[in-house]
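As structure tokens, the structure follows; a few thoughts come after it.
Keep in mind that what you see is a predicted model, and the values were worked out from it rather than measured.
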Amino acid sequence: MSEIPAYQPKAIESKWQKIWAETHAFEAEASHEKPKFYGLIEFPYPSGHGLHVGHPRSNTAMDIIARKRRMQGYNVLFPIGWDAFGLPTENYAIKNHVHPAKVTKENIDHFRSQLQMLGFSFDYSREVDTTDPGYFRWTQWIFLKMFEHGLVFRDKTLVNYCPSCKVVLSNEDSQGGKCDICHNDVVQLPKDVWYLRITAYADRLLEGLKDVDYPENIAQQQVNWIGKSTGAFVRFPFEGLDEEIEIYTTRPDTLFGVTFMVMAPEHPLIDKYADRIRNMDAIRAYRDECAKKTEFERTQLAKEKTGLKLEGLSAVNPITGKTVPIYLSDYVMMGYGTGAIMAVPAHDQRDWEFATKFGIDIVEVIQGGDITKEAYTGDGVMVNSDFLNGYTNKKDSIARMLEEIEKRGIGRPGVQYKMKDWAFNRQRYWGEPIPLIHCPKCGVVAVPYEELPLRLPDVDDFEPGTDGKSPLARIESFVNCKCPKCGGDAKRETDTMPQWAGSSWYFLRYCDPHNDQVYADRGELDYWMPVDWYNGGMEHVTRHLLYSRFWHQFLYDIGEVGCPEPYAKRTAQGLILGTDGEKMSKSRGNVVNPEEVVDEIGADAFRCYEMFMGAFDQAIPWSTNGAKGCKKFLDRVWRLQEKVGEGDSYSPALNAAVHEAVKKVSEDIERMKFNTAIAAMMSLVNEMMAQPAITRAEMETLLKILSPVAPHICEEMWQNLGHTEPIHHQPWPVWDEAALQKSEVEIAVQINGKVRGRIHIPADLTRESAEKELPENPEVQRLTNGKQIMKVIFVPGRLLNIVVK
RNA sequence: GCGGAUGUGGUGGAAUGGCAGACACCGGGGACUUAAAAUCCCCUGACUUCACCGUCGUGCGGGUUCGAGUCCCGCCAUCCGCACCA
């Protein structure tokens, strides 16, 4: 035992980070002999602000798992890269008159150094950057494959448009009517837009969830977002016209209760028959009114139904032959179903409200509620419904009605999804150019594969055009080209891909990042894929996680990858909040900078606190004092060096405690219970500190199980013990169940379920003999105090409960 | 409205139906020190008590059980996501 200098995290950490870099310590092995482990975190968007303490939570967790896997003998792929296209960089570039490529490079360098400061065991040799032409060449390649297979199409519809960012947004990017980038209100505009047909994969995206290990809330959120419903399309003829209007309903069995129909204000059939409609002026006024409403007004304030009747146009109920009036109302959306509904006010609350306001008949077809007060949506006996009368079961009545609908040829069963096709083009500069060409003769033609990558032209004006076009549209040399098919003059598509394009397949590129022949060698893909464990944020569940599953499923379908789902297991971390319990943001001024924390307590203590502060999947406020507590813990670990003796056994109890800690830490890391794993190590260290001496083996085992959490200090102490091989090459310790066994245990004695005392008993006492012998124990005798014993319950190692009268 | 989660000391949080509050933070007391920092030791859910003992205690109300923070039924509150989705 000798004098040990104080723990100096700064020196130790930079020393080991340098050694790891020089020895390429964490690069995946090229050989495919070992079992593999592919651990993934969402690659960061390198913003100008750098990291705050929330970002490393995911990285630290997966780093711990990756380090443990290496020690368990796996060939580990734990890569890092940069999701670097996107609007914040472009906006920064515009404001400061620098090229986004330059900003991106600076930001990446800053991010990389921040990550290295924290000692993550990334394989930096496999870094990818989505803005690198060598990367986005393959983003464009996959896009063209989709184009080839009919998954890319152009359509003029109402789209989400952010007037502030001047871009069209997907549904996923405009959730809640707010722009995902600037959080301003999104408006609905009719526009020509490129779509990816993600709805063709809606069922696959649902089905695939059954074969992967996702937490319930993530799977459920995807299910809700996809929003599958089954029902029927039914056609109602217009009275006196050779034209039908189709509706979608989930309750075709209520067809006899239809008393009116409602069309979305923008429904195209209205314009088609404008000359027959007598109140077109009023209709146009109503449309204008609806278009002006914000999302908030439409959903929150519009409890009161608005609308008006179509004069001069009505429909016929195809099952009853009765005339049905048609109304216009904005509670019916053009973007879902067919943009028109059959209204059954007795059994749909929205229809009920509308009917009540406009004095329309309400006809009951399902008994069980009071339809004068509100719509009845429960089950009941069907009435007023001809051949359906007497049905009591929803499933049966729907099946019967579907049969009838098909027999009469007035409709068909059908499925609807809330999820919409993915609006894929952005009218901005800093993204992958869409490799399509508009030829006046041939139409839309793909850029030939051999011409990829289609590079971004170098310009110095990135301002989005006022005409709703991308800045690329102003560059003649880029726009004008020859049609690859006919050789005639043609023009390039000038929009770029959305932020989510590059991230939809990056996990595949990591498998073989430097390949310039294919996006990744098939042998590498077959070895590494699928990702074994993917951790990330909840905010990506209905965007990146859905999009990338879609791209991967497509690649699987065309035989490019060998597994149908990209991620075998997905987990998500909770947010780290500011010390005030609010979400960290620059505007709130509660951002904690990791550099300052590391400067004060070191990266190891920082990592330790990130994992110790609370349950991994819960949101937790940052505590500066809590972080310091972890520094104190590592100080104690460091001082343990003074206690390492030459003997090979000092305390059997401590030896058992070491085995217990190995077991607890091994199991807790797998369950992402990092907080209790660290608590177990703290307890062990406290116990060790209380000993006069500990053995070298005990010290070494502690260092091994602590090393994934606090790698630098453990490498240093490992080296101080005289080792020349690094600790991350050591095998993960195993615990000995036998060593956990104690000869004697203390159990609680309960009387009628309340703890009254404690006794020491032999650990191997069987239930049978315990229940017979223990009531004789003097302490138990004292507690039962001569009362009549009704029942004795013995839980080995836990307690004895005596029921007395 | 629909879906998901959460509710435990002053704080963050532990707890396969089996000793509630592990492990920390904060706070209090003591040791060491000229002093401070660091470190070490002790106390720290509430009420009662000098102390032991005892009583109460996991959002609220019921229930199941020898035994409930945990399971069941009914509420309340907070957070997140979606939302006039036919």
Side-chain angles (χ1 to χ4, degrees), chain A residues 6 175-177 215-225 227-229 231 247-251 254 261-262 264 295 298-300 302-306 329-333 335-344 347-351 353-354 377 416-420 538-539 541-542 574-575 579 581 609 612-615 617-630 632-633 635-636 639 673 675-686 689-690 746-758 790-804:
Chain A
Q175 297 184 25
E216 177 59 28
N217 57 341
I218 292 182
Q220 201 55 51
Q221 213 170 305
Q222 292 210 341
V223 169
N224 291 347
W225 184 257
K228 182 177 182 170
S229 82
I247 58 94
Y248 175 73
T249 177
T250 55
R251 291 300 301 266
T254 59
M261 297 180 79
V262 187
E295 190 80 9
R298 255 193 45 234
T299 58
Q300 305 297 318
K303 296 293 172 216
E304 182 86 343
K305 296 281 179 288
T306 61
S329 176
D330 67 351
Y331 82 89
V332 173
M333 311 286 136
Y336 183 80
T338 62
I341 61 160
M342 64 176 217
V344 186
H347 306 292
D348 180 291
Q349 188 58 28
R350 294 153 305 178
D351 297 346
E353 284 164 18
F354 193 88
T377 53
Q416 277 294 298
Y417 303 94
K418 289 185 197 173
M419 185 173 69
K420 306 225 175 83
M538 285 303 292
E539 70 275 20
V541 168
T542 52
L575 283 178
T579 50
Y609 178 60
F612 179 65
M613 59 196 300
D617 56 357
Q618 301 291 313
I620 310 279
W622 183 266
S623 155
T624 308
N625 280 326
K628 283 181 192 159
C630 285
K632 273 161 75 174
F633 164 58
D635 279 332
R636 286 161 73 78
R639 282 199 302 274
K673 296 265 191 182
N675 52 338
T676 50
I678 291 167
M681 290 189 276
M682 287 174 168
S683 293
L684 178 62
V685 170
N686 290 344
M689 288 300 276
E746 187 190 66
I747 63 164
V749 180
Q750 295 184 336
I751 304 297
N752 290 345
K754 297 207 174 209
V755 179
R756 291 291 182 233
R758 285 165 235 290
M790 308 297 292
K791 199 172 175 183
V792 178
I793 296 125
F794 176 69
V795 184
R798 297 278 186 184
L799 55 73
L800 178 76
N801 186 17
I802 299 194
V803 185
V804 299

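- OP1 and OP2 of B:rC66 both lie 4.0 Å or more from every side-chain N or O belonging to A:Arg798.
- The C1' atoms of B:rA14 and B:rC41 are separated by 25 Å, rounded to the nearest whole Å.
- Within the 4.0 angstrom heavy-atom criterion, only backbone atoms of the sugar-phosphate kind lie near A:Asn686; the bases stay farther away.
- With rounding to whole Å, A:Asn224 atom CG is found 12 Å from B:rA5 atom P.
- In this structure, the NZ atom of A:Lys305 is 11 Å from the C1' atom of B:rG1, given to the nearest Å.
- Taking side-chain N and O atoms only, A:Tyr336 has a distance below 4.0 Å to OP1 or OP2 of B:rA86.
- Among the atoms of the strands shown, base atoms are found under 4.0 Å from some heavy atom of A:Glu746.
- Not a single side-chain hydrogen bond (donor to acceptor under 3.5 Å, both in side chains) links A:Ser623 to another residue, sequence neighbours left out.
- The cationic group of A:Lys305 lies under 6.0 Å from the six-membered ring centre of A:Tyr331 and within 45° of the ring axis, placing it in a cation-pi geometry.
- Between the side chain of A:Asn625 and the base of B:rC25, no donor-acceptor pair under 3.5 Å is found.
- When side chains are defined from C-beta on, A:Met538 counts as touching A:Ile218, because their heavy atoms get closer than 4.5 Å.
- Within the 4.0 angstrom heavy-atom criterion, base atoms lie near A:Phe612.
- Judged by atom type and distance alone, A:Lys628 does not reach the base of B:rC25 through any side-chain donor-acceptor pair under 3.5 Å.
- Phosphate proximity of B:rC82 to A:Gln175: present, with a side-chain N or O under 4.0 Å from OP1 or OP2.
- Of the candidate nucleotides B:rC66, B:rA5, B:rG81, B:rC66 has the atom lying nearest to any side-chain atom of A:Asn801.
- Under 4.0 angstrom from either OP1 or OP2 of B:rU16 there lies no side-chain N or O belonging to A:Lys673.
- Put simply, A:Arg636 has a side-chain N or O that comes within less than 4.0 Å of OP1 or OP2 on B:rC40.
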Requested in this report: For RNA chain B, just give me the dot-bracket, please: Watson-Crick or G-U, both distances below 3.5 Å, ( ) intra-strand, [ ] crossing earlier pairs, | paired with another strand, . unpaired.
Outcome: (((((((..(((.....[....))).(((((.......))))).(((......)))..(((((..]....))))))))))))....
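- Among the protein residues, A:Gly227 comes within range of no part of the nucleic acid, since none of its heavy atoms lies under 4.0 Å from any strand.
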